[in-house]
Amino acid sequence: MTVQSAWRVLLPLPLPPFNFLPPHGTSGGAPTPEPGCRVVVPWQSGVRVGLLVGFEPLRAGAGLELREAVSALDTRPFLTQAALSVLERVAAYTCAPAGMVLANLLPVGLGVPLVHQVRVLADIDGEVSSAVAGRPADASTPSTWQDAAALPLGRLELLRRQGLLDERAFVPQETVRRLVPLREGEGDLDGAPRAGQRRALAHLWTLGTSQSAAALARAADVSEGAVRALVKKGYAEYREVAAPPAPLTVVAPSAASSVLLTLSVPEGPLLSVSGGTRAARVLHLLPLLRKDLAAGKSVLVLAPEQTYVQEAASLLAAELPVHTLSGTTADGERLRLWERCAEAEPFVLVGSYLALLAPLKLGRVVVLEEGSSAYKLSAGCRIFIPTAARFLAAAVDVPLVLADTLAAPETLAATPARLNLPTPAPRAHIVDLKAGGWPLSADLVRVLRQVEARGRQAVLLAPRRGFSAALCCTDCEHVIGCPNCDLPLRYHRERRALRCHQCGFQKRAPDLCPACGSPGLGPRRAAGTEWIAAEVARVVPKLNVKRYDTDKREDLSELRAGEPGVLVATTACLRLPPLPNVSLVGVTLLDVFISLGDFRAEEEAYRLLLNLAELAPGRRPLTLVQTFAPESPLLRAYTEGLGEAFAAELLERRARFNYPPFAALAKVQLSAREAATAKGAAVWLAGALRTAGATDDELLGPSAAPVARMRGRYSYQLFLRTASERLAERLTPALSYRGAARLRIDIDPRDIAGFLE
DNA sequence: GGGGGTAAGTTG
DNA sequence: AACTTACCCCCT
């Protein structure tokens, strides 16, 4: 009896890998695919594409309950061994099912359209066969291949279970309709009047195919009628031909940069690049990347957002072969790019997190803007991409580069080689809002008037979109809240609307207070872009005021052309190309960016201030920051240009408070429609965690989530903070929780609201 | 008895 | 995640 192995197959679903028997044709025909290949497996009443991640030996006679895989889609692995190990490590690290990690991180190849065909094998039950094939049963030959969808409902499952079904699946070749030549010109193309037809036919023969009659007419410089005549006379015809591979987008190199590359770059398995500008940090990597490519190795460069992907790609494209992969890359191009990775010519792949598993022959991994919270996946496995990049670099044993204006304490703790680029001290002015003057302080109004008088530009950062944080009754102080969330509805005056920025609920702003019927409803608390734009228009009426946020992305071409004006925006403006004439950057309320209660909030606010300056590169604009807490260390570090000292201080503080990377942190959230259900589950789980060994030092909570109810669900949360190597053990009871509440685990959470004392 | 909704269980 | 089954409410 032969001992065979089952295929361990991962599907892009929140599930662990499943075992399948190899397809029954395999023993004689197709070779066993390697791990990393895509395979087609039966799934529910159809088939799905999954990833072969390994094999599981089966004892003789075992595995009879397993189903057979249908086929392998690849002959060469679609993912590298390193990528497979990253999947595995991320799954273990985030406590997420591996299939979820696959769904989050593999942006191509598993959703391909499949043709699924079946035929009924020579069988014992004539009725079944005839019902399927639509002809009398033949005991010796299988029925012909037909689309699985043609089977009556439920029949496929039945036949599968009886082992009477042959299945195959393949990716249909994409075709396009093209004009092709059929034969050489003959007598009926002679003569002057038919010169155009002759020319068109000759041209078509040299081209091979043409997209359309119009395209050929244009190319051969003849009338469309001439081409149509060729088709009519049988010299050419339209035919379905294999579609050409999607062309790869060419990255336009950016114009020569003024950045001076003065510092030499240290080498090491881990390199931290800090200070300078975004462009300077990228350009300083050129010598390293050049060397990698010369050695025949490709480089993966990750950026947290689409615009930074484009920016970095353009900077590098001036000297190196570069491709990009991000959310905007079309499916066809992603697939083509994936194939390209394995080809001989090394290149630099600049991409968002979607590029993480690209099957490059890697020589180095670079993470730009390593501290960006955009790297934290907000759903699914919630991995922080720089962490996954660290796993990748370790798996292929290549150097890792982490760059940001302020190095992350996590990076510094790992004692990297360092490249700290000079950052000119900013011209900064801090305004203490405790003295009044909000939303626009007297100082801000004064400098805005200077901007107006000198015909310059200003950028004002607002803490949110809309008019105000809430609509409030002046008589009874009632704040109109969201029916689904414990949050005030944001007031949008322009649209006379109240909106929840969390769940999307929206209604018309009422005229009277819903609580007391008073007509005294008014905007309250922090101003949004709408309010600030209105104030700015009032105090500097001659300036062109533009708004830029999710609600209103105004056309900025006048500002881009250098015309005087003010841009009032949310942090969405950080993704804009720089404006040419900015002399003032104003932060109308820094506090909302710090007081989120996260232990990383200060460093993120520091990065925000430095990133704002990138809207006016090389100009050293005045940065005016309005705040209720002007004495904060981050503002001192910022105004005095002490980034390095600040980074060291942050690291020291992490050590003192036993925070990451000196301890591992996990948030366990329990939510339910009923508050009591969520609370009960959280209390029970806290008990279970303590019983399993969690000490009072390690376990914090349970407590209600900072926003107790969201989207109609109440949440309670627990935090575990413990030595990294002990976290998995401490979390064990949470992993086996089966109860009425929904449980979510977030490893290394970045929104731990109000936690650090 | 069944439409319409939600909750719970299963998928190999 | 996608899908099936179980269950409840309400209505004819």
Side-chain angles (χ1 to χ4, degrees), chain A residues 4-24 26 32-33 35 37-59 61-73 87 90-91 94-114 116 118 148-149 151-165 167 169 377-383 484 670-678 680-681 711-714 735-745:
Chain A
Q4 60 175 349
S5 292
W7 287 5
R8 275 183 89 56
V9 177
L10 205 52
L11 291 154
L13 300 171
L15 296 169
F18 285 120
N19 288 335
F20 293 84
L21 294 176
H24 63 253
T26 304
T32 301
C37 285
R38 291 172 302 161
V39 295
V40 180
V41 293
W43 190 255
Q44 297 188 330
S45 58
V47 288
R48 280 199 77 137
V49 181
L51 194 74
L52 181 65
V53 293
F55 302 98
E56 189 148 302
L58 292 174
R59 271 167 289 111
L64 290 173
E65 72 289 356
L66 296 180
R67 296 204 179 183
E68 264 178 25
V70 174
S71 59
L73 278 188
L87 278 178
V90 169
T94 60
C95 301
M100 174 123 85
V101 181
L102 181 69
N104 291 163
L105 297 183
L106 183 56
V108 64
L110 297 181
V112 289
L114 278 184
H116 178 204
V118 295
L151 288 182
L153 208 72
R155 178 58 38 95
L156 183 122
E157 297 247 34
L158 189 74
L159 291 169
R160 263 184 190 162
R161 212 155 293 150
Q162 294 178 336
L164 299 176
L165 204 63
E167 296 184 68
L377 301 197
S378 57
C381 69
R382 289 158 206 273
I383 185 67
N484 312 315
L670 290 136
S671 71
R673 217 157 267 285
E674 301 294 327
T677 311
R711 294 168 188 270
R713 297 183 70 92
Y714 290 87
L735 294 176
S736 55
Y737 170 81
R738 296 284 173 277
R742 177 196 295 161
L743 178 138
R744 273 215 278 251
I745 297 176

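Numbers restart at 1 for each chain; the letters A, B, ... are given by sequence-line order, proteins then strands.
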* Please report the shortest heavy-atom distance between A:M100 and A:G380, naming the atom on each side. =>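 Minimum heavy-atom contact is SD-CA, 3.6 Å.
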* If you take all heavy atoms of A:P12 and A:R48, which pair is closest and at what distance? ->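 Minimum heavy-atom separation between A:P12 and A:R48: CG-NH2, 3.8 Å.
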* Residue pairs passing the salt bridge (Lys or Arg N to Asp or Glu O under 4.0 Å) test where at least one lies in residues 8-19 of chain A, sequence neighbours excluded ->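 Pairs touching residues 8-19 of chain A that pass the test: A:R8-A:E56.
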* **side-chain hydrogen bond (donor to acceptor under 3.5 Å, both in side chains) pairs, two or more places apart, involving residues 96-112 of chain A** =>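 Qualifying pairs, neighbours excluded: none.
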* Does any non-hydrogen side-chain atom of A:W43 lie less than 4.5 Å from one of A:L13? ->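 Counting from C-beta outward, A:L13 and A:W43 do come under 4.5 Å.
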* Flag side-chain contact, heavy atom, 4.5 Å: A:V53 against A:L102 ->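 Not in contact.
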* To do: For A:R38, check side chain to side chain contact (heavy atoms under 4.5 Å, CB included) against everything at least two apart and list the hits.
  =>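 For A:R38 the side chain to side chain contact (heavy atoms under 4.5 Å, CB included) partners, ignoring immediate neighbours, are A:V49, A:L51, A:L73, A:D74, A:F78, A:L110, A:V112.
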Enumerate the protein-to-nucleotides 4-8 of chain C contacts in which both atoms are nitrogen or oxygen and the separation is below 3.5 Å.
none

Polar-atom pairs under 3.5 Å, protein N or O versus N or O of nucleotides 7-12 of chain B: list them with distances, or write none.
unit_1 : atom_1 : unit_2 : atom_2 : d
B:dT11 : O2     : A:Q44  : NE2    : 3.3
B:dG12 : OP1    : A:Q44  : N      : 3.4

* Asked: Taking only residues two or more places apart in sequence or in another chain, which ones pass side chain to side chain donor-acceptor pair (under 3.5 Å) with A:R738?
  ->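 With neighbours one apart ignored, the set is empty.
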* To do: Take the protein atom CG of A:L102 and the nucleotide atom P of C:dA1, then report the distance between them rounded to whole Å.
  =>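 Roughly 14 Å, once rounded to whole Å.
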